[in-house]
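Below is one structure; the comments refer to it alone.
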Amino acid sequence: MSRQVIRLPAEVNRILYVRNLPYKITSEEMYDIFGKFGAIRQIRKGTHGDKKGTAFVVYEDIYDAKNAFDNISGFNVAGRYLIVLYYQ
Amino acid sequence: MTPDRVYQFRLEKEMEERNKYMTDEELTSILPGPKDGYEILKAPENYKPL
């Protein structure tokens with residue numbers, strides 16, 4: 001049976017935009033939380049002003065990003081519920 | 001090629017395109033960087049991608 005290609009909706013992409021993160025969350029914690037869903041290509045964390053508590057998590061594989069998106073919304077980190085969106 | 005095969009082929013092409021490797025430069029061109037208030041985190045030493 002040839003591998004069935006699953007088409008993902010247009011808005012799905014490999015970069016997740018995360019909000020409501022604890023300000024002092026470490027790289028280890030970020031890689032631990034998001035690394036469970038697949039290989040991480042890169043993470044960019046907000047450092048100033050209204051950027052604090054937000055991050056861009058880039059997965060190597062778009063299907064891993066979707067898996068993370070489906071499983072991580074509402075994930076509780078240090079009493080804060082994560083808000084996850086696809087980067088547009 | 002049956003219509004279904006044609007559809008599958010086009011799908012594969014589209015997903016391959018959407019999933020192709022992005023270089024650091026490409027990422028930097030589309031994502032905010034240090035001057036926009038975002039730092040690139042260093043992966044922990046013991047980080048082993050799944």
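What you see is a predicted model, and the numbers here were worked out from it, not measured in a lab. Lettering of chains follows the sequences in order, A, B, ..., and the numbering in each one begins at 1.
Looking only at heavy-atom pairs under 4.5 Å with chain B, the residue among Gln42(A), Lys36(A), Met30(A), His48(A) that has the most is Gln42(A). Most heavy-atom pairs under 4.5 Å with chain B, from the set Asp32(A), Asp50(A), Ile62(A): that is Ile62(A).
Cluster annotation: Ile33(A) is connected to Ile43(A) through the hydrophobic network of ILVMFWY side chains, with a link wherever side-chain heavy atoms come within less than 4.5 Å. Using a 4.5 Å cut-off between side-chain heavy atoms of Ile, Leu, Val, Met, Phe, Trp and Tyr, with links allowed through other members, Ile15(A) and Val84(A) fall into different hydrophobic clusters. In terms of hydrophobic clustering, with Ile, Leu, Val, Met, Phe, Trp and Tyr side chains grouped at heavy-atom distances under 4.5 Å, Leu16(A) and Leu82(A) are assigned to a common cluster. Taking hydrophobic clusters as Ile, Leu, Val, Met, Phe, Trp and Tyr residues chained together by side-chain heavy-atom distances below 4.5 Å, Phe69(A) shares a cluster with Tyr63(A). Under a hydrophobic-cluster definition in which Ile, Leu, Val, Met, Phe, Trp and Tyr are linked whenever side-chain heavy atoms come within less than 4.5 Å, directly or via other members, Ile6(A) and Tyr59(A) are assigned to the same cluster.
Val5(A) approaches Met15(B) most closely through the heavy-atom pair CG1-CG, 4.0 Å. What you find for Asp36(B) and Lys51(A) is that their closest heavy atoms are O-CE, 3.1 Å. Between Arg44(A) and Leu27(B) the shortest heavy-atom distance is NH2-C, 4.0 Å. Residues Arg7(A) and Leu11(B) approach most closely at CD-CD1, 3.6 Å, considering heavy atoms.
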Which atom pairs, one a donor and one an acceptor, fall under 3.5 Å between side chains of residues 38-50 of chain B and the rest of the protein, sequence neighbours left out?
residue	atom	partner	partner atom	Å
Tyr38(B)	OH	Thr54(A)	OG1	2.6
Lys42(B)	NZ	Glu45(B)	OE2	2.9
Tyr47(B)	OH	Ile40(A)	N	2.8

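Residue contact with chain B, scored on non-hydrogen atoms closer than 4.5 Å, involves the backbone of Phe37(A) exclusively. For a residue to count as touching a neighbouring chain, one of its non-hydrogen atoms must lie under 4.5 Å from one of that chain's; by this rule Leu8(A) touches chain B with backbone and side chain alike. Within the 4.5 angstrom heavy-atom criterion, only side-chain atoms of Tyr17(A), from C-beta onward, approach chain B. Heavy atoms closer than 4.5 Å to chain A are found in the backbone of Lys20(B), but not in its side chain.
Judged by distance alone, the side chain of Arg18(B) and the main-chain N or O of Asn13(A) form no donor-acceptor pair under 3.5 Å.
Distance check, rounded to the nearest 0.5 Å: CD1 of Ile30(B) to OH of Tyr87(A) gives 5.5 Å.
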